[in-house]
Amino acid sequence: MIFNPFAVAKRLRKIGLVGINQRNADYVLRYNKRKFYPRVDDKLLTKQLAIEHGLPVPELYAVVREEHEIEEVHAKLKDREKFVVKPAHGSGGDGIMVVVGRRGSKYRRANGLLMTEDEFNHHLSNALSGLFSLGGQADAVLIEYCVEFDPVFDHVSYRGVPDIRIIVFQGYPVMAMIRLPTRMSDGKANLHQGAIGVGIDLPTGRTCKGVWGNEPVKEHPDTEHSIIGMEIPHWDDLMMIAATASDMSGLGYVGVDIVLDKQLGPMILELNARPGLAIQIANGNGLQHRLQAIEALPKLAATAQERVAFSREHFGTV
Ligand SMILES: Nc1ncnc2c1ncn2[C@@H]1O[C@H](COP(=O)(O)OP(=O)(O)O)[C@@H](O)[C@H]1O
Ligand SMILES: [Mg+2]
């Protein structure tokens with residue numbers, strides 16, 4: 001087949017793919033007030049707000065704000081086998097360490113590698129200096145409960161916790177995907193770290209297409225299991241949590257990242273004021289038509305239930 005750029009552009013327009021400039025100009029700038037950004041850019045603040053709103057989040061074990069607190073943290077964590085270290089203002093999985101066990105005084109990371117206390121301290125010190133953080137300013141480090149993902153996804157994730165991203169526009173969930181960690185992504189579910197993105201059909205909560213880097217995929221590259229047609233447990237709860245979290249954030253256009261713990265159920269990991277656009281590729285569908293459908297509503301529904309019901313009715317895969 002001969003590559004025809006006009007045909008490609010026409011098809012992209014038809015499926016309503018939103019590009020980065022359009023996302024910023026028409027949605028992020030228009031619907032997200034700057035004063036609310038700290039609520040989502042600071043993971044500590046997001047956690048506090050979520051607790052105030054009765055939304056589930058992983059338990060906070062410790063916060064490190066100053067260099068001299070680093071040494072004390074080992075004692076605080078001595079009874080914890082597993083935990084996650086993350087910069088409060090990090091993004092894209094940078095600086096996150098998923099610790100899954102110990103060997104003597106060493107810590108074992110999700111990728112299997114052992115880390116000495118010194119290396120651990122060095123990582124924390126880098127994180128405090130802002131190495132992994134938005135804007136590069138000094139940061140705080142959170143240490144929290146390590147989510148144990150629901151075993152239904154054991155076959156399709158490699159040593160890590162998949163997360164479910166739901167984009168919510170003016171309180172209405174508009175598109176979702178599940179991100180599956182791979183060997184490459186070191187326990188993290190960020191696409192830029194090498195995780196796979198798999199689209200989710202909003203009415204049914206079933207997975208559809210997948211993308212790994214720029215490639216469409218049907219199987220997990222490490223486990224070779226099919227990633228299509230999986231049913232996400234607690235789908236309605238997840239949609240409700242996303243809609244409620246968007247209310248709490250005050251942002252009109254927001255990505256809500258949720259994980260499913262096998263014992264504790266769904267939990268919010270973080271919110272994002274500039275959610276990436278690869279979700280469209282993972283779904284084989286653009287965001288534009290859905291966003292416009294919400295903009296065209298004569299009146300927005302007041303309750304999260306009504307909004308979730310609307311989205312499940314109108315935003316199917318086809
Ligand atoms: N508490 C946790 N338990 C298990 N895995 C986690 C936890 N927190 C983060 N992760 C893993 O790291 C990834 C990135 O974490 P996240 O909080 O979303 O930060 P970022 O802003 O860097 O994306 C998640 O998608 C998940 O795979
Ligand atoms: Mg994230």
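Indexing begins at 1, ligand by ligand and atom by atom, following the structure's order.
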Enquirer: If you measure every N or O of Ala189 against every N or O of ligand 1, does any of those distances drop under 3.5 Å?
Expert: yes
Enquirer: I want to check something: taking the side chain as every heavy atom from C-beta on, are His155 and Met230 in contact at a cut-off of under 4.5 Å?
Expert: no
Enquirer: May I ask you to decide whether Arg179 forms a salt bridge with Asp163, counting only side-chain N to carboxylate O separations under 4.0 Å?
Expert: yes
Enquirer: Looking at Asn283 and Ala176, would you say the former's side chain and the latter's main chain have a donor-acceptor pair under 3.5 Å?
Expert: yes
Enquirer: Measuring from the heavy atoms of Gly160, does anything fall under 4.0 Å of ligand 1?
Expert: no
Enquirer: Who's the nearest protein heavy-atom neighbour of atom 11 (C) of ligand 1, and how far?
Expert: Gly187 O, 4.0 Å
Enquirer: By number and element, which atoms of ligand 1 are closer than 4.0 Å to a non-hydrogen atom of Lys86?
Expert: 8 (N), 9 (C), 16 (P), 17 (O)
Enquirer: Could you tell me whether Asn190 and ligand 1 have an N or O pair separated by under 3.5 Å?
Expert: yes
Enquirer: If we check side-chain contact (heavy atoms from CB on, under 4.5 Å) with Gln170, which of these qualifies: Leu291, Ile294, Leu297, Val254?
Expert: Ile294
Enquirer: Using a strict 4.0 Å cut-off to heavy atoms of Glu144, name the atoms of ligand 1 that fall inside it.
Expert: 1 (N), 2 (C), 7 (C), 8 (N)
Enquirer: Side chain, backbone, both or neither: which applies to Val147 and ligand 1 if a contact is any heavy-atom pair less than 4.0 Å apart?
Expert: both
Enquirer: Under a 4.0 Å N-O cut-off, is there an ion pair linking Arg274 with Asp41?
Expert: yes
Enquirer: Could you tell me which N, O or S atom of Glu270 is nearest to the Mg ion (ligand 2)?
Expert: OE2
Enquirer: Nearest to atom 25 (O) of ligand 1, what protein heavy atom do you find, and at what distance?
Expert: Asp163 OD2, 2.7 Å
Enquirer: What residue and atom, counting heavy atoms only, is the protein's closest point to atom 20 (P) of ligand 1, and at what distance?
Expert: Glu270 OE2, 3.4 Å
Enquirer: For atom 15 (O) of ligand 1, what's the nearest protein heavy atom and its distance?
Expert: Ile96 CD1, 3.1 Å
Enquirer: Please check this pair: side chain of Gln280 against backbone of Leu287, looking for a donor-acceptor N/O pair closer than 3.5 Å.
Expert: yes
Enquirer: Which bit of Arg179 is near ligand 1, meaning a heavy atom under 4.0 Å away: side chain, backbone, both or neither?
Expert: neither
Enquirer: Is Glu270 paired with Lys86 through a side-chain N to carboxylate O contact shorter than 4.0 Å?
Expert: no
Enquirer: Tell me: protein heavy atom nearest atom 21 (O) of ligand 1, and distance?
Expert: Lys43 NZ, 2.7 Å
Enquirer: Would you say the rings of Phe120 and Tyr107 are close, in the sense that their centroids are separated by under 6.0 Å?
Expert: yes
Enquirer: Among all protein non-hydrogen atoms, which one is nearest to atom 24 (C) of ligand 1, and what is the separation to 0.1 Å?
Expert: Leu269 CD1, 3.5 Å
Enquirer: Any atoms of ligand 1 less than 4.0 Å from a non-hydrogen atom of Tyr145? List them with their elements.
Expert: 1 (N), 2 (C), 3 (N)
Enquirer: Does ligand 1 have any atom sitting under 4.0 Å from a heavy atom of Cys146?
Expert: yes
Enquirer: Students often mix this up, so state it plainly: with edges at 30° and 60°, are the rings of Tyr27 and Tyr31 parallel, tilted or perpendicular?
Expert: parallel
Enquirer: Under 2.8 Å from the Mg ion (ligand 2), is there an N/O/S atom belonging to Asp163?
Expert: no
Enquirer: Who's closest to atom 2 (C) of ligand 1 heavy-atom-wise, of Leu60, Val57, Val84, Leu142?
Expert: Val84
Enquirer: Answer whether the closest heavy-atom distance between the side chains of Tyr253 and Pro275 falls below 4.5 Å.
Expert: yes
Enquirer: Does the gap between the ring centers of His220 and Phe153 come in under 6.0 Å?
Expert: no
Enquirer: Would Lys188 count as a polar contact of ligand 1, with the cut-off being nitrogen or oxygen pairs under 3.5 Å?
Expert: no
Enquirer: Run the numbers for me: atoms of ligand 1, each under 4.0 Å from some heavy atom of Gly93, listed by number.
Expert: 20 (P), 22 (O), 23 (O)
Enquirer: May I ask you to identify, for Val161, whether its side chain, its backbone, both or neither come under 4.0 Å of ligand 1 on a heavy-atom basis?
Expert: both
Enquirer: Does a donor on one side chain sit under 3.5 Å from an acceptor on the other, for Asn121 and His74?
Expert: yes
Enquirer: Counting neighbours of NZ on Lys209 that are heavy atoms of other residues, nucleotides or ligands and sit closer than 6.0 Å, is the number greater than 12?
Expert: no
